[in-house]
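Just so it is clear, the structure is predicted and the values come from calculations on it, not from any experiment.
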Amino acid sequence: MPETGWSADRIDTENAHSARIYDYILGGKDYYPADREAGDAMAREWPALPVHMRANRDWMNRAVRWLAEEAGMRQFLDIGTGIPTSPNLHEIAQSVAPESRVVYVDNDPIVLTLSQGLLSSTPEGRTAYIEADFRDPASILDAPELRETLDLDRPVALTVIAIVHFVLDEDDAVGIVRRLLEPLPPGSHLAMSIGTAEFAPEEIGRVAREYAARNMPMRLRTLDEAHAFFEGLELVEPGIVQVHKWHPDGTGEQGIRDADIGMYGAVARKP
């Protein structure tokens, strides 16, 4: 549990928060009683929830490694970073290419207070943190930390992981992603995981109701709706699939049932 030294007036400890629920279920330590209560309630509704969340985290690891190793990405813009959990994105990328540069973005003050864990770059590379809201892409693209860290004349990997299911239709998640991609040059990549209820509709529907009851409404998407994020891009094989089926490496996917996973994952190249 977090203790002291944080800005108490900015961190809402009374109400559950999605990043802290995720941290709790993954076995982290940066959560409050409200987050634990919410996570326990959700896991009762869908006992596979911890499997699902770990599979999403494992997918992020594989996708970033693929981007660094196979696509040659050396610049990353990570939206909705969440609470630091090792290995963090920059640790994965810099283990492949120490010169990699990463900009993290989140709007949760608890992530900001813990952001030192995201800034432990290799000497050859660089990391930076922007406090901004995904729903306001201009605040990200205009941030001096982005321009000081990334060279937008060179390809950038935009990672939007497990966040758009908290963006409702009126906020136009597809339009936001396109706005973030717009200034990135050809050869850039988009990596996304996208919440879905298609494989366990009743169980995930109950989890969504638990989130909504705590003022975190969800917009879960079908496969066709997930494709909208990648229009005009070149999908990397195998396309949009459940996260445990995307480039499995045999370390965490064995024994996972399709009904245990409520997340699509994909990587695509900007031509």
Side-chain angles (χ1 to χ4, degrees), residues 15-26 35 37-60 63 78-82 106-108 133-135 137 158-180 190-231 233 235 238-246 253 256-268:
N15 296 294
H17 188 282
S18 58
R20 300 195 309 252
I21 295 169
Y22 188 70
D23 182 73
Y24 167 66
I25 290 177
L26 288 179
D35 309 302
E37 181 277 329
D40 289 344
M42 293 168 186
R44 284 195 296 271
E45 297 293 349
W46 188 32
L49 183 62
V51 175
H52 155 86
M53 288 188 170
R54 282 194 296 270
N56 178 72
R57 187 74 191 184
D58 291 343
W59 173 82
M60 185 277 285
D78 182 54
I79 309 294
T81 296
D106 207 292
N107 70 335
D108 181 3
D133 193 321
F134 169 69
R135 291 167 294 187
L158 172 65
T159 58
V160 184
I161 298 171
I163 183 174
V164 294
H165 51 273
F166 292 114
V167 180
L168 303 182
D169 288 342
E170 54 263 34
D171 290 316
D172 187 17
V174 172
I176 292 169
V177 171
R178 288 179 179 163
R179 177 70 185 92
L180 290 167
L190 171 65
M192 290 188 69
S193 60
I194 301 165
T196 183
E198 291 195 294
F199 299 93
E202 292 185 9
E203 295 88 340
I204 296 176
R206 293 196 297 267
V207 172
R209 286 192 288 275
E210 292 289 341
Y211 272 105
R214 294 165 177 82
N215 296 312
M216 293 177 281
M218 302 182 80
R219 172 63 166 89
L220 299 162
R221 290 173 170 84
T222 65
L223 180 59
D224 283 346
E225 289 171 328
H227 270 282
F229 289 98
F230 298 95
E231 286 184 9
L233 305 179
L235 279 164
I240 305 173
V241 295
Q242 285 176 286
V243 288
H244 65 301
K245 296 181 176 180
W246 195 92
E253 311 85 8
I256 294 179
R257 304 177 308 141
D258 288 357
D260 293 340
I261 303 299
M263 198 78 76
Y264 285 120
V267 176

Identify the two heavy atoms, one from [X] and one from [Y], that lie closest to each other, and give their separation to 0.1 Å.
| X | Y | value |
| --- | --- | --- |
| Val167 | Ala173 | CG1-CB, 3.7 Å |
| Ala228 | Val174 | O-CG1, 3.8 Å |
| Trp59 | Met192 | CH2-O, 3.2 Å |
| Ala162 | Met263 | CB-CE, 3.9 Å |
| Ala266 | Leu235 | CB-CD2, 4.0 Å |
| Asp260 | Ala48 | OD1-CB, 3.4 Å |

Practice task
Could you tell me whether Glu37 and Arg214 make a salt bridge, using a distance below 4.0 angstrom between a side-chain N and a carboxylate O?
Solution key: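 Salt bridge flag = yes for Arg214 with Glu37.
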
Handout entry: Salt-bridge present (Glu210, Arg206; N to O < 4.0 Å)
Key =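 A salt bridge is absent here (no side-chain N lies under 4.0 Å from a carboxylate O).
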
Side chains of [X] and [Y]: does their closest heavy-atom pair fall under 4.5 Å?
| X | Y | answer |
| --- | --- | --- |
| Phe229 | Ile240 | no |
| Ile194 | Phe230 | yes |
| Arg219 | Glu225 | yes |
| Ile21 | Met216 | yes |
| Arg54 | Leu26 | yes |
| Asp171 | Phe134 | no |

Using 0.5 Å steps for rounding, measure from the [atom1] atom of [X] to the [atom2] atom of [Y].
| X | Y | atom1 | atom2 | value |
| --- | --- | --- | --- | --- |
| His52 | Gln242 | NE2 | CD | 10.5 Å |
| Ile176 | Arg135 | CD1 | CZ | 8.0 Å |
| Asp23 | Met53 | CG | CE | 10.5 Å |
| Ile79 | Ile163 | CD1 | CD1 | 7.5 Å |
| Ile256 | Asp258 | CD1 | CG | 10.0 Å |
| Arg20 | Asn15 | CZ | CG | 8.5 Å |

Handout entry: Candidate pair Tyr264 and Glu198, rule side-chain contact (heavy atoms from CB on, under 4.5 Å), full reasoning
Key = CA-CA 10 Å; Tyr264 285 120; Glu198 291 195 294; 2.5 Å; yes

Problem - Donor-acceptor under 3.5 Å (Asp106 side chain, Thr81 main chain) - result: yes

Handout entry: Test side-chain contact (heavy atoms from CB on, under 4.5 Å) applied to Val51 and His244, step by step
Key = CA-CA 10 Å; Val51 175; His244 65 301; over 6 Å; no

Exercise for the section: Evaluate the side-chain contact (heavy atoms from CB on, under 4.5 Å) criterion for residues Leu220 and His165: first the C-alpha distance (whole Å), next the side-chain angles of each, then the deciding distance (0.1 Å), finally the verdict. Expected result: CA-CA 5 Å; Leu220 299 162; His165 51 273; 4.2 Å; yes

Exercise for the section: Would you please name every residue forming a side-chain hydrogen bond (donor to acceptor under 3.5 Å, both in side chains) with Glu231, sequence neighbours left out? Expected result: Arg178

Problem - Set of side-chain hydrogen bond (donor to acceptor under 3.5 Å, both in side chains) partners for Asn56, sequence neighbours left out - result: Tyr22, Ser193

Practice task
Only counting residues at least two apart or in another chain, list the ones meeting side-chain contact (heavy atoms from CB on, under 4.5 Å) with Ala213.
Solution key: none

Handout entry: Residues Phe199, Ile204; criterion side-chain contact (heavy atoms from CB on, under 4.5 Å); working and verdict
Key = CA-CA 9 Å; Phe199 299 93; Ile204 296 176; 5.9 Å; no

